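Remarks on the structure that follows.
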Amino acid sequence: MTKINLYSASVWRRCAPWIIGIASACLLVFIPTPLTSVFQAPYERLLSTTVAYCFDQFGIPFHRDGSAFSFASFELSVSNFLAQFGFFSALLVTCSLALTWVNRPAILAPVYTAATLVGSFGVHLIQLCLIGLTQQVWHIDFASGWLSIQLMIATLPVAILFAFSSDRFIQVVFMPIPLELSFQTQSNPLIHAWNSLLQSLTAAPAKKEASQ
Amino acid sequence: MKYQRKTSSSRALSPQWLMNCIRSSRELPRRLFAGFQGRHSSYNNIDPLGFFTRFKRYVRKFLRHTRPTREEIFVPDPNSTNAKLSTRQLLDPISWCSWIRMFAFHWLFSRPYASLVAATPVIAAMLALCTVTLLSTTDYSQSRANRYRLIFDQSIRSQDFDTASVVLKDLIQASPQNTDLLYQQALLLHIQAKTQSAIAQMDRLATDRNHGLASMWMVSHECDLQKLKSWSKSDHARFRKLMEIGLNNLDGENLLSAKTLMFSYLAEVGAYGDAARFLADVIPARPELALAAATLCKSQHDDAGTAKYAMIAENYFEEQLSQNPNDINSRINLARVLMIQTQFEKATKLLNDGLRITKDNRLKGIAGEALLVWSNYLGASADSSKYIVKRMQILHAGICIAPSDPLIASAIAQLIIDCRNSRAPEVVRLKEAMLTGTDPVPTHFIRGTMALLDNQIEDAKTQLELALENQPNTPAILNNLAVALAGTQENHLEQALSLVDIALEKQPDHAYFLETRGQILLKLQRWPAAISDLEAALKATELRPSIYPSLAIAYERTGDRDLTQLYKKLASQTIAN
């Protein structure tokens, strides 16, 4: 019977993403309000400003009061739109679980979270612009009811594409540096630290070599 | 060729060929779904054109990501002496600079840039998002406001008030101190039938921000000059306050309109001194108001002003009439101007010409009025006795034009009563002509009044009852009939009282009617009521000789000796005078 050394680095490396994922899920489930108030308000403000700019570019006349938009025949509230899907908590939980699933280094959790935030910002921007345009041009309300779910499903491919693409971008940026057998490289502590932190991003060893 | 064709057809129909066909048809589904690649995976078996296979290859190529293995990133022998660092090296800043430089160099040149192909969507999205976010945080409010003003104008033109309302709300948010925008918003609310909100906003603008146009809107909405007589004191105060705001804060054409309105109001309420202030500004721009100005000056006994404005009005209305001879209003106004200038003959001729051209009944009333004013003008002159025949001729002409005009009938009655003792043949002829030329009602009234004055009470009662039957509730007939009834018998006093009460309901402050009621109440021995009416009637000086003795009797019966003595003394003085 093999013993598992709980204090070994390899065990910790393997378990860390799961621990972080479960911990952040618990955190978000049990204490959602403070996090929401801290992160969601600036996010909402910036999203409203950007959406307002887009509406201006599309030539849709509106009146903006904070995150509430009044149009000629309808009203749109960004805060209500975001609250509709419990957006922020869901976002971080999904991000943590995805990280755990694809076995990414735990240290990159903030980077992935930031990427997720940017992605969600883009998707929300697209959704809000589509809601405004469809209401203005065809008088179809995509902001509530069954149509809102349809809109979410329609923009899901964009979100998935963004997620995969951002994962690749982060992998490229945070790829470990291959060592050369020169004295300067071997003795560089920065490279060693970088590689040891991000070693899970390396390729798996070849099957033949593993069997040997 | 012939042989070969035969041979091939025999081959085609041979049993072997048929067996081959059957075998091929058995393999057909497999061939169809096998794909051109012919690989061993089950996936390819359902890919007839090899599309999925090719797509998978492209995706793999696109997503190809070359990563170093774990062996490549670590030193093969960690215990090697080359990899160990001394404390001195770790504390050396120059070494750290070198390591940082080496790290940056190796990091830069070890990136798998070919793998970035798959990251192009996120790079493009990030660039787009950054650009949009940066642009949205810049200040573009000015260009936006300009664009929104255009949209507002367009939406107003196309009557899209919902869009206009939204745009206006945004413009107000951008510049909350702009009262013109708030005024437009209030107008928009009014158009959208949100009247209460519109009134509240206009009121705030007018009273708190001194917005001239808002105050004029409030005036037009709240104050109806047509119902000026029913205004309360607070209505007048409100109107004056709003007009003051308008006059102080408007300019150009709006200011002129405000001045015109204020002038009309002041002329209407009889504040001639205040109204005259606006004449110099208003009349040059609005010559149609010169008639009102002339009337105003005449009431103020300003002969120079009357002549000046009457001249302006005459020129203006003459021009209007020359352009359109069928314009009744211009003709009537010109006739009024001529009446102010005492050119009655010319005015009458003008109106008669108008009647001949247009056959408009309005002109008849004005013509009658002109003749009446002419008659009164002659009657008021110093040597009025010379003009009795002339006045009768004028009034006769007036009653021929407007037989049912009560004012002319009253004037005729008064004139006939005045000269009832005259035996001059011309006067008698005209008197009879007038009495036969008028309507039956004035004729009965005149005959009844004359009989009353001649103390023929029964005749007077009969004639006046006939007049009242045809024209009930006429105050003058009611009063004279009450006098006749009061003069006949005691038991008709209550009926007389009820008749004069009806007359006083129509004209509550009429001194003659009050005197009649006072005398009736005196006969009914209702002393306090009689005193009240008789004292109220004292304002008519010509009635005082008949009122003083009655008051002396009333006060004597109530026991007030001082007042009894006073009124007896006044009565004796009046008789002596």
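Every value quoted in this text rests on a predicted model; they were computed, and no experiment measured them. All chains are named by letter (A, B, ...) in the order of the sequence lines, taking the proteins before the strands, and each is independently numbered beginning at 1.
Looking only at side-chain heavy atoms (C-beta outward), A/Pro61 and B/Phe152 stay at 4.5 Å or farther from each other. Looking only at side-chain heavy atoms (C-beta outward), A/Met175 and B/Ser110 stay at 4.5 Å or farther from each other.
Shortest non-hydrogen contact noted between B/Ala118 and A/Arg168 is CB-NH1, 3.5 Å. When all heavy atoms of A/Asn188 and B/Phe103 are compared, the pair lying nearest together is ND2-N, 3.8 Å. In terms of heavy-atom proximity, A/Phe121 sits nearest to B/Thr133 at CE2-OG1, 4.0 Å.
By number of non-hydrogen pairs under 4.5 angstrom with chain B, the leading residue of A/Phe62, A/Phe169, A/Phe162 is A/Phe62. Highest contact tally toward chain B, considering only A/Thr49, A/Thr50, A/Leu190, A/Asp56, is held by A/Asp56 [criterion: heavy-atom pairs under 4.5 Å]. Your options are B/Ala164, B/Pro112, B/Ser155, and the one with the most heavy-atom pairs under 4.5 Å with chain A is B/Pro112.
Salt bridge B/Asp170/A/Arg64: absent, no basic N to carboxylate O contact under 4.0 Å.
Within the 4.5 angstrom heavy-atom criterion, only backbone atoms of A/Ile60 (N, CA, C, O) approach chain B. Of the two parts of A/Phe71, only the backbone, made up of N, CA, C and O, holds a non-hydrogen atom closer than 4.5 Å to a non-hydrogen atom of chain B. Both the backbone and the side chain of B/Ile100 have a heavy atom closer than 4.5 Å to some heavy atom of chain A. Heavy atoms closer than 4.5 Å to chain B are found nowhere in A/Leu47, neither backbone nor side chain. For A/Phe69, no part sits under 4.5 Å from any heavy atom of chain B, backbone or side chain. Residue contact with chain A, scored on non-hydrogen atoms closer than 4.5 Å, involves the side chain of B/Tyr140 exclusively. Residue contact with chain A, scored on non-hydrogen atoms closer than 4.5 Å, is absent for B/Ser165. In this structure, the portions of A/Val173 lying under 4.5 Å from any heavy atom of chain B include both its backbone and its side chain. Only the backbone of B/Thr120 comes within less than 4.5 Å of a heavy atom in chain A; its side chain stays farther off. Residue A/Leu46 touches chain B through its side chain alone, counting heavy-atom pairs closer than 4.5 Å. For chain A, the nearby parts of B/Leu135 are the backbone and the side chain; heavy atoms of each come within less than 4.5 Å. Using a 4.5 Å cut-off between heavy atoms, B/Val132 touches chain A through backbone and side chain atoms alike.
Formation of a donor-acceptor pair under 3.5 Å by the B/Arg111 side chain with backbone atoms of A/Val172 is found in this model. Judged by distance alone, with hydrogens and angles left aside, the side-chain atoms of B/Gln173 form no donor-acceptor pair with the main-chain N or O of A/His63 at under 3.5 Å.
For B/Leu127, the CG atom sits in a packed shell: over 12 heavy atoms of surrounding residues, nucleotides or ligands are nearer than 6.0 Å.
Here CZ of A/Phe74 is found 12.5 Å from CG of B/Asp162. Values are rounded to the nearest 0.5 Å.
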